[in-house]
Each structure stands twice: as structure tokens, then as C-alpha cells.
Amino acid sequence: MDGGSCPRAKFKLYEQLELQEFQDKFVIKSVEAPYQGFSIDRRDGTIEPLNEGDSSSSSARPTKTSTIYGVAGTIRLLAGNYVLVITSRTEVGAFLGFPVYRVTSMKFLSCNEVLKNSTLQEKKDEAYFMALLKTVQSTPGLYFSYQTDITLNFQRRHKLMEGWMAKPIWKQADPRFVWNRNLLDELIEYKLDGFIIPILQGSFQAAQLKLKGSPATLTIFSRRCTRRLGTRMWRRGANLEGDVANFIETEQLVECEGFRSSLLQIRGSIPLLWEQIVDLSYKPQLKVIDHEQTSNVVERHFFDLFQRYGEIIAVDLTDKHGDEGQLSMAFSAEAQNLPNVRYISFDFHHVCGNSNFENLKLLYEQISEQFEKQGYLLIDAKGSILEEQKGIVRSNCIDCLDRTNVTQSYLAQKSLDAQLQRIGVLDSSECISMFAEDYQKFRALWAEQGDEISLEYAGTYALKGDLVRYGKQTFGGILKDGMSALSRYYLNNFHDGIRQDAMDLISGRYTVRRDGSPFQTDSFSYLPVASALLIGGLTLTSVTLQQAGRNAQQFMSSVLWAGVTAGIAAVVKANGRQFCSRPRLCRLV
């Protein structure tokens with residue numbers, strides 16, 4: 001395959017669809033090919049492909065007709081079927097020449113008229129499931145393309161056999177990164193290949209650089225793995241198969257003067273069996289689970305990484321004292337003796353503090369020789385491979401968000417300098433930081449990428465974003481970090497249990513069954529008054545923090561409201577863990 005010119009994909013999805021709503025069914029068909037489509041019975045969700053020559057609905061007219069931009073899949077609950085459709089999108093750039101879109105709104109079409117014949121308990125259970133679907137509708141950071149698969153990184157897709165691009169896009173995709181994989185079964189069963197959109201969750205950021213008169217496109221593309229999908233406190237560590245929480249593959253792609261170069265990095269939770277159960281304290285205790293399979297779990301995790309990426313530099317950024325220190329020691333003990341893995345312990349907080357971003361050079365000095373030897377992918381205009389990445393850096397902190405993003409951006413900058421020097425855009429004595437406008441764009445992309453993946457896992461913007469964006473921490477950044485920390489506290493304790501249920505439902509970790517109640521009866525309770533007070537305190541804190549730079553009075557006001565919020569949290573904590581929002585579903589672990 002000509003990886004340099006990247007010819008247009010042979011298989012293409014239908015881009016614009018018409019949704020017709022009838023009293024007895026929904027009809028979805030392609031605007032460009034009107035006889036291509038399918039109907040969904042509104043009573044029970046039965047799907048029937050349209051045949052050429054069929055009228056859309058005999059002699060009846062639809063009660064409503066609208067435009068949609070894709071079908072994300074279907075899910076069957078206790079009573080009927082629900083179809084997830086994309087109702088709006090935004091084009092955000094291109095991946096190797098193919099347009100990439102971000103989902104900006106979705107909705108479920110309910111095909112559940114049989115619900116009226118269900119028992120009272122089934123109706124109650126279905127109502128909770130439907131509430132979870134509403135949470136799914138607002139999932140952030142979803143991306144797709146009609147013309148190509150975006151789940152495969154550049155190096156992997158360049159090596160694919162001739163003819164791979166002729167397959168339906170869902171067959172090309174890496175299932176690890178298909179957010180809606182569990183929702184596609186019925187569409188696959190009915191061979192509706194032109195409607196099956198693999199959706200990826202992560203981040204897509206792109207910018208145009210000038211580079212001494214040599215225009216270039218810089219893209220940062222992060223792909224979130226779905227194997228251990230979850231929220232910050234409710235998905236930690238690894239499962240017995242070695243899959244870890246918040247595992248993300250990040251690709252930095254440069255396109256300049258006919259050359260294309262790519263650097264891959266990965267992040268993921270420490271691959272041990274551990275947990276951090278919310279208990280209304282600001283920083284819940286970390287607990288390493290003593291399990292006979294621990295060594296096997298770590299081995300499975302790194303063996304899978306080695307098979308996919310080559311030799312691994314495992315950079316552990318956690319603290320070396322307290323709970324984090326115990327977790328780090330356990331990780332070190334398991335990782336030190338693994339083949340093809342070099343474990344590096346680097347206490348980010350101790351070495352870099354809150355503002356000494358440049359102290360990451362101490363980490364780079366430890367790994368520079370191996371990191372530079374691992375290299376990057378470089379392909380010329382003819383599609384010939386000039387350089388190939390032969391290994392990968394795996395970074396982690398506790399959340400794999402803030403410290404990890406700062407570190408990854410630092411390594412990405414080092415690699416970008418080497419790539420631009422290699423293709424002759426920069427001299428050997430030059431680096432991206434010498435060009436202020438381009439350097440600011442580079443930093444902004446990494447900061448925005450960090451914010452987006454943090455929103456998906458933690459529900460807030462990333463902390464330490466100023467270190468990435470400006471190379472130092474600013475007063476405004478300190479205030480923003482404080483607000484994000486308070487927001488994380490609230491979300492972790494009062495909201496993420498519901499979000500976790502929603503993720504488990506659509507990712508297949510929980511399978512809806514009609515036999516018995518699907519809910520845990522002793523693990524979900526809520527304190528509405530405390531929650532409302534916390535929300536109010538956080539909101540007022542946010543408003544005053546945003547104005548805090550104007551005068552001392554407003555700054556003191558922000559401190560006051562932060563104190564009130566913290567006080568409310570302390571009172572709530574005194575009532576015990578039972579007031580936390582916890583997942584209700586009896587999931588398959």
C-alpha cells in the first residue's frame with residue numbers, strides 16, 4: 001500500500017442519512033443511495049434491511065423526517081431495543097488526508113412499546129436503564145470518519161496487506177479502540193456495512209505550523225482503550241487478563257514537505273490489582289489487593305504491549321512515600337524482572353514540584369539513549385519507510401492524567417525536534433522551542449489533549465495544564481487547578497457511580513437479563529441536600545475564582561466559598577461512606 005500518498009479508501013460509509021419516523025417503525029436510509037437503509041420496529045426493535053424497489057413505508061407518510069449523520073449502534077434492554085444515532089457533528093481536521101468528525105450530539109430512538117406489558121418492577125428497572133442511556137448520550141470525546149478507519153495508528157496501517165482498505169471500515173478497526181463495539185452486533189448481523197461507524201473515544205487536535213516557511217500539519221491523536229473502560233475512582237489498576245484502566249495510545253503525527261512522521265506513546269494505570277474506593281475523604285486510601293495471580297497479570301499486560309509495540313520503557317511517575325509509595329514499590333518488584341521491559345521510577349512531585357517543568361531533563365537523561373534508539377516512524381513522499389519506531393514509552397502516575405500528560409508532552413517535543421532535523425526542516429542546532437508561534441501551538445495541542453482525556457476519565461480539566469501550555473505554573477492556573485480538584489471530589493463521590501453504570505452497560509460489562517433484579521440493593525444511596533450544597537459551593541467558588549485576579553476582595557470571596565464547600569464536605573463525610581454515589585449494576589467482572 002502506498003503509505004506516503006495514502007490513496008482514498010475504497011470503502012466508504014454513507015455520510016448523510018434520513019430518519020423517517022412512522023407510528024409503527026423508524027426508517028433510516030442513505031440520502032445519496034435512497035434504497036440503501038433499514039427499518040426498526042417501534043414495538044420490539046426488530047431490524048429489517050430495505051430492498052430496492054421498496055417504498056419507505058407503503059402508502060403511509062412519516063410523522064417526522066430529519067437528517068442524522070450516523071448510526072452508532074443498538075442496545076437491547078428489558079423491554080425493547082434502543083437505537084443510538086448521531087444528530088450533529090463537527091469536522092475537526094484530517095487523519096492522513098481523510099476528514100475526521102467529532103460527535104456533538106446523539107440520541108437514542110426508543111423501540112419499547114412492549115414495555116406497557118411488563119411488570120411494575122421491570123418498568124422501574126427499565127426506567128433506570130433509560131436514565132443511563134441519557135448519560136451515554138452526553139459522552140465526551142467521540143470521533144469518527146466516513147472514509148477510513150481511525151483506530152489504527154499510522155505505523156500499523158502502513159504495514160497492512162494490499163486490499164485491507166477495501167474491507168468494510170468496521171472490519172479494519174482495532175477492537176480495543178472502538179467505543180461502540182458492543183452496540184454494533186445487530187447491524188453486523190444484518191450486513192449493514194455502509195452504516196456501521198466505528199467510533200473512537202479520545203482526543204483529536206490539529207494545527208498548522210509555519211516552520212521557517214515550510215508549512216506543516218501537526219496532529220495529536222489519542223485513542224482510549226475500551227477493555228477496562230470506566231471513571232477515575234471506579235476503574236483502577238488491572239483485571240485478571242492484564243487490561244488496565246485509562247489505557248490510551250497517543251500518536252503525534254507530522255506532515256511536512258511530503259514526509260510523514262509519527263511517534264507513539266502509551267499510558268495506563270499501574271498493572272496490579274488495586275483499588276481506591278471513594279469514602280468522602282479528599283484522597284481515599286489506595287489498597288493493593290493480594291492475589292495469587294498478580295505476577296501473571298503484570299506479565300500478561302506487558303507481553304501484550306511487547307507484541308504490539310516492541311520493547312517498553314515503563315516510566316512510573318508516582319510518589320515514593322505514603323500510599324503511592326507502597327503501590328510504586330509493588331509495581332517495581334513485579335516489573336524489574338520482566339523481559340523487554342525497563343522500569344524507571346521518577347518521583348514527579350519530588351523532582352519537579354508544582355512548577356519546575358524543566359527538571360524532566362533528569363528523567364530524560366536516564367532514558368534518552370534508549371528512547372532515541374526506539375526512534376519514530378518516518379515515511380517519504382513515495383511511501384518508503386525511512387525510519388521505524390522499534391519500542392515505546394509507557395508512562396503512568398496514579399490517574400495517568402496530569403503528571404503523565406506533562407511527561408508525554410516533554411518526550412514528544414524531544415522527538416519532534418529530531419524528526420524535523422531528520423527531514424531537513426530544522427538545522428541540527430535548532431529546535432521547535434526557538435520558534436515562538438509554532439512552539440505555542442505545539443504546547444496548546446498537548447494541553448487541550450490533556451484536558452479532553454481528563455474530562456473523559458475524571459470529569460474535569462487536567463491539572464498542571466499550565467506546565468504544558470506555558471512551561472510554568474501561573475496564578476490563574478493555580479486557581480483553575482484548585483477548582484478542578486474540588487470538582488473531582490464532588491464528581492467522584494456523588495456522580496461517577498452513575499457514569500460507571502452507563503459505561504458498563506454500553507461496553508458489555510453488564511448484560512441485561514430478565515431473571516432477577518439487576519441492581520445491588522445495599523450499595524447505592526444519595527444525600528440530595530449535601531449534594532446540592534456541594535454543587536452550590538463549587539459553583540460559587542468557580543465564579544469567584546474566575547474573577548479573583550481583579551481584586552483582593554474577590555479573591556478572599558473565592559477562598560471563603562472554597563472553605564464553605566470543604567466544610568460541607570467534612571460534615572457529609574461524618575455521615576459515612578453510605579452517602580456516596582456508587583454503581584448499582586451487578587456487573588460481570
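We're numbering straight along the sequence, starting at 1.
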Taking all heavy atoms of [X] and all of [Y], pick out the closest pair and write down the distance.
X      : Y      : value
Thr219 : Ala94  : OG1-O, 4.4 Å
Ile313 : Gln374 : CG1-NE2, 3.5 Å
Val297 : Asn239 : CG1-O, 3.4 Å
Ser214 : Val425 : CB-CG1, 4.2 Å
Gln389 : Ser262 : OE1-O, 3.8 Å
Thr87  : Met106 : OG1-N, 3.6 Å

Roughly how far apart are [X] [atom1] and [Y] [atom2], rounded to 0.5 Å?
X      : Y      : atom1 : atom2 : value
Arg260 : Leu377 : CZ    : CG    : 11.0 Å
Ile392 : Phe371 : CD1   : CZ    : 10.0 Å
Asn153 : Thr250 : CG    : OG1   : 11.0 Å
Thr151 : Arg157 : OG1   : CZ    : 9.0 Å
Ser88  : Arg102 : OG    : CZ    : 10.0 Å
Leu463 : Lys480 : CG    : NZ    : 9.5 Å

Original post:
Can you list the residues that meet the ring-ring contact (aromatic ring centres under 6.0 Å, His included) rule with Phe346, with sequence neighbours excluded?
Top reply: none
**OP:** Taking ring-ring contact (aromatic ring centres under 6.0 Å, His included) as the test, write out the residues that go with Tyr461, two or more places apart.
**Re:** none
Does [X] count as lying over the ring of [Y], i.e. NZ or CZ under 6.0 Å from the six-ring centre, within 45 degrees of the axis?
X      : Y      : answer
Arg403 : Phe348 : no
Lys414 : Tyr364 : yes
Arg308 : Phe247 : no

**OP:** Test Arg235 against Asp243 for salt bridge (charged side-chain N to carboxylate O under 4.0 Å, His left out), laying out the working first.
**Re:** CA-CA 11 Å; Arg235 279 292 176 274; Asp243 306 315; over 6 Å; no
Can you confirm whether [X] sits close enough to [Y] that some side-chain heavy atom of one is under 4.5 Å from a side-chain heavy atom of the other?
X      : Y      : value
Gln252 : Phe442 : yes
Gln147 : Glu15  : yes
Leu317 : Thr404 : yes
Arg232 : Thr460 : no
Thr226 : Val178 : no

For [X], does the [atom1] atom sit with more than 12 other heavy atoms under 6.0 Å from it, leaving out its own atoms?
X      : atom1 : result
Phe303 : CZ    : no
Lys390 : NZ    : yes
Lys210 : NZ    : no
Glu91  : CD    : yes

Whether the [X] and [Y] side chains hold a donor-acceptor pair (N or O, under 3.5 Å, no angle test) is what I'd like checked.
X      : Y      : answer
Trp446 : Asn405 : no
Ser395 : Gln408 : no
Ser261 : Arg422 : no
Asp316 : Tyr343 : yes
Gln500 : Asp504 : yes

**OP:** Check the angle between the aromatic planes of Phe38 and Phe195 and answer parallel, tilted or perpendicular using the 30° and 60° thresholds.
**Re:** perpendicular
Original post:
Taking it one step at a time, do Asp174 and Arg176 satisfy salt bridge (charged side-chain N to carboxylate O under 4.0 Å, His left out)?
Top reply: CA-CA 5 Å; Asp174 184 338; Arg176 292 182 303 160; 3.0 Å; yes
Subject >> Reference residue Phe221; test ring-ring contact (aromatic ring centres under 6.0 Å, His included); the match among Phe177, Phe154, Phe204 >> reply: Phe204
Original post:
Considering the options Leu142, Val103, Ile68, which one meets the side chain to side chain contact (heavy atoms under 4.5 Å, CB included) requirement together with Ile86?
Top reply: Val103
Ionic contact status for [Y] with [X], cut-off 4.0 Å:
X      : Y      : value
Asp402 : Arg488 : yes
Arg228 : Glu241 : no
Glu251 : Arg156 : no

Original post:
Between Arg342 (side chain) and Ile367 (backbone), is there a donor-acceptor pair under 3.5 Å?
Top reply: no
**OP:** Report the C-alpha distance between Glu311 and Lys373 in whole Å, list the side-chain angles of each, state the deciding distance to 0.1 Å, and finish with yes or no for salt bridge (charged side-chain N to carboxylate O under 4.0 Å, His left out).
**Re:** CA-CA 11 Å; Glu311 64 180 18; Lys373 183 180 178 182; 5.6 Å; no
Original post:
Tyr146 and Tyr69: ring pair (Phe, Tyr, Trp, His ring centres under 6.0 Å), yes or no, with the steps?
Top reply: CA-CA 10 Å; Tyr146 297 108; Tyr69 299 95; 8.0 Å; no
